[in-house]
Amino acid sequence: MSDTASRPIGVFDSGIGGLTVVAEIIRQLPHEEIVYFGDTARLPYGPKSPETVTQFAIEDTEFLLSRGVKMVVVACNTASSVAIDTLSSKYDLPVVGVIRPGALAAVSSTLDGRIGVIGTEGTIASHAYRREIAKLDRDAEVLEQSCPLFVPLAEEGWNDREVTLVIAHEYLTPLRDAGVDVVVLGCTHYPILKGTVGKVFGPGVRLIDSAEETAREVAERLASHGLAREPGGTLEHRFYVSDVPHRFKEQAERFLGGALPFVEVVSIDEIGGAI
Ligand code: DGL
């Protein structure tokens, strides 16, 4: 195994949402070590401009590079939507985003070519999914809907609350009535609300969780670059946040279903943040 292959995979998100991707990477690639950065001081990214989110994404990537990662996974739909091309051309290591894997899964799952995409305001305004889906299937019809209130509801863990269902109906009924047969959960927080979203759409609509597909793409890219880590040795996943580690720890343990041994705060100054 090369020295590079033994290095960790870097994963970043604006906060805890990217842990849905981490959980899948750990499940599919149990020999890989993770360094995670959650930019909790600057969350949410969803309502911010593409320029600001791109700058944050560059700083998040630089932080992960300073921790010696071999690959960067942008486990945030908003950052993937606006910054993936910049990151891929700026850095000499594989960069995996969440949009392409989700788009691929949607196109291969739809039977009648009507695909719903839900995400933050930034993701929906960028039309990143629409573009990616069009590359794969020019005839697919894509209906997009931003659901800004879903992020705080997911952070609270309010999947089975009545209020969440009411809000979900408000956002999603137009998509349901338009007859989509597949819906991309285009925000890393949304898999937490899968139960509620599923209640609005009913069993005939398939929900795409881009975490699963992204972990699959991570595995493929590691293999094609000769970067897969061999089994053996001890693994120590490390989690860094830019603010309030105890809140992150509590939420993260709920997301990952287990204790987090290592959570540390890095200041925004340390990751180069001017904003
Ligand atoms: N992680 C973001 C995403 O997937 C959602 C949270 C935020 O707005 O920062 O788009």
Side-chain angles (χ1 to χ4, degrees), residues 13-14 17-18 20-21 24 44-48 50 53 75-82 97-214:
D13 178 37
S14 54
T20 55
V21 177
E24 266 306 307
Y45 284 9
K48 297 197 168 82
V53 174
C76 172
N77 284 260
T78 310
S80 293
S81 297
V82 298
V98 288
I99 307 293
R100 208 178 79 95
L104 267 169
V107 168
S108 56
S109 305
T110 184
L111 295 177
D112 57 18
R114 283 170 85 74
I115 299 170
V117 175
I118 59 175
T120 65
E121 291 152 284
T123 298
I124 297 304
S126 76
H127 302 299
Y129 275 104
R130 182 186 291 257
R131 274 199 309 278
E132 210 52 52
I133 290 169
K135 282 186 211 160
L136 301 164
D137 177 0
R138 265 192 325 191
D139 298 328
E141 196 181 336
V142 178
L143 292 96
E144 299 163 297
Q145 174 66 53
S146 65
C147 310
L149 293 174
F150 278 4
V151 168
L153 291 167
E155 297 223 334
E156 287 296 331
W158 283 14
N159 180 40
D160 44 17
R161 300 285 180 101
E162 189 56 33
V163 63
T164 309
L165 188 59
V166 170
I167 291 169
H169 270 290
E170 191 75 24
Y171 284 139
L172 306 176
T173 301
L175 287 187
R176 189 195 60 196
D177 293 351
V180 295
D181 70 341
V182 165
V183 172
V184 180
L185 303 175
C187 171
T188 46
H189 280 64
Y190 296 179
I192 296 159
L193 304 180
K194 209 170 180 176
T196 301
V197 172
K199 272 187 203 154
V200 177
F201 285 110
V205 174
R206 175 150 184 229
L207 303 180
I208 305 287
D209 171 349
S210 44
E212 265 173 55
E213 313 300 333
T214 304

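Just so you know, residue 1 is the first one in the sequence shown, and it goes up from there. None of these values were measured; they are calculated from a predicted model.
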With no hydrogens and no angle check, is any side-chain donor or acceptor of [X] less than 3.5 Å from a backbone partner on [Y]?
X	Y	answer
D181	D112	yes
S126	V82	no
Y190	C147	yes
S108	L104	yes
K199	G195	no

Nearest atoms (heavy-atom pairs only) where [X] meets [Y]:
X	Y	answer
L175	G116	CD1-CA, 4.4 Å
T78	G122	CG2-CA, 4.3 Å
D13	C76	OD1-CB, 3.0 Å
G119	C187	CA-CB, 4.3 Å
G97	T214	O-CG2, 3.9 Å

In the structure I gave you, are the side-chain heavy atoms of [X] and [Y] within less than 4.5 Å of one another anywhere?
X	Y	result
T20	E24	no
N77	S210	yes
L193	N159	yes
T120	Y45	no
W158	P152	no

How long is the gap from [atom1] on [X] to [atom2] on [Y], to the nearest 0.5 Å?
X	Y	atom1	atom2	result
E121	K48	CD	NZ	11.0 Å
F150	I192	CZ	CD1	12.0 Å
I118	I124	CD1	CD1	8.0 Å
T110	I115	OG1	CD1	5.0 Å
I99	I133	CD1	CD1	9.5 Å
Y129	T123	OH	OG1	7.0 Å

Task: salt bridge (charged side-chain N to carboxylate O under 4.0 Å, His left out) between E141 and R114, worked out - done: CA-CA 5 Å; E141 196 181 336; R114 283 170 85 74; 2.6 Å; yes
TODO: Would you check, one step at a time, whether the test side chain to side chain contact (heavy atoms under 4.5 Å, CB included) holds for I208 with S109?
DONE: CA-CA 9 Å; I208 305 287; S109 305; 3.6 Å; yes
Task: Between T196 and T164: side-chain donor-acceptor atoms closer than 3.5 Å - done: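 Absent: no donor and acceptor within the cut-off.
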TODO: Identify, with sequence neighbours excluded, every residue that meets salt bridge (Lys or Arg N to Asp or Glu O under 4.0 Å) alongside E170.
DONE: none
Task: V166/H169 under side chain to side chain contact (heavy atoms under 4.5 Å, CB included): CA gap, chis, key distance, verdict - done: CA-CA 5 Å; V166 170; H169 270 290; 5.9 Å; no
- [ ] Test V142 against every option in V117, D137, V180 by the side chain to side chain contact (heavy atoms under 4.5 Å, CB included) rule and name the one that passes.
- [x] V117
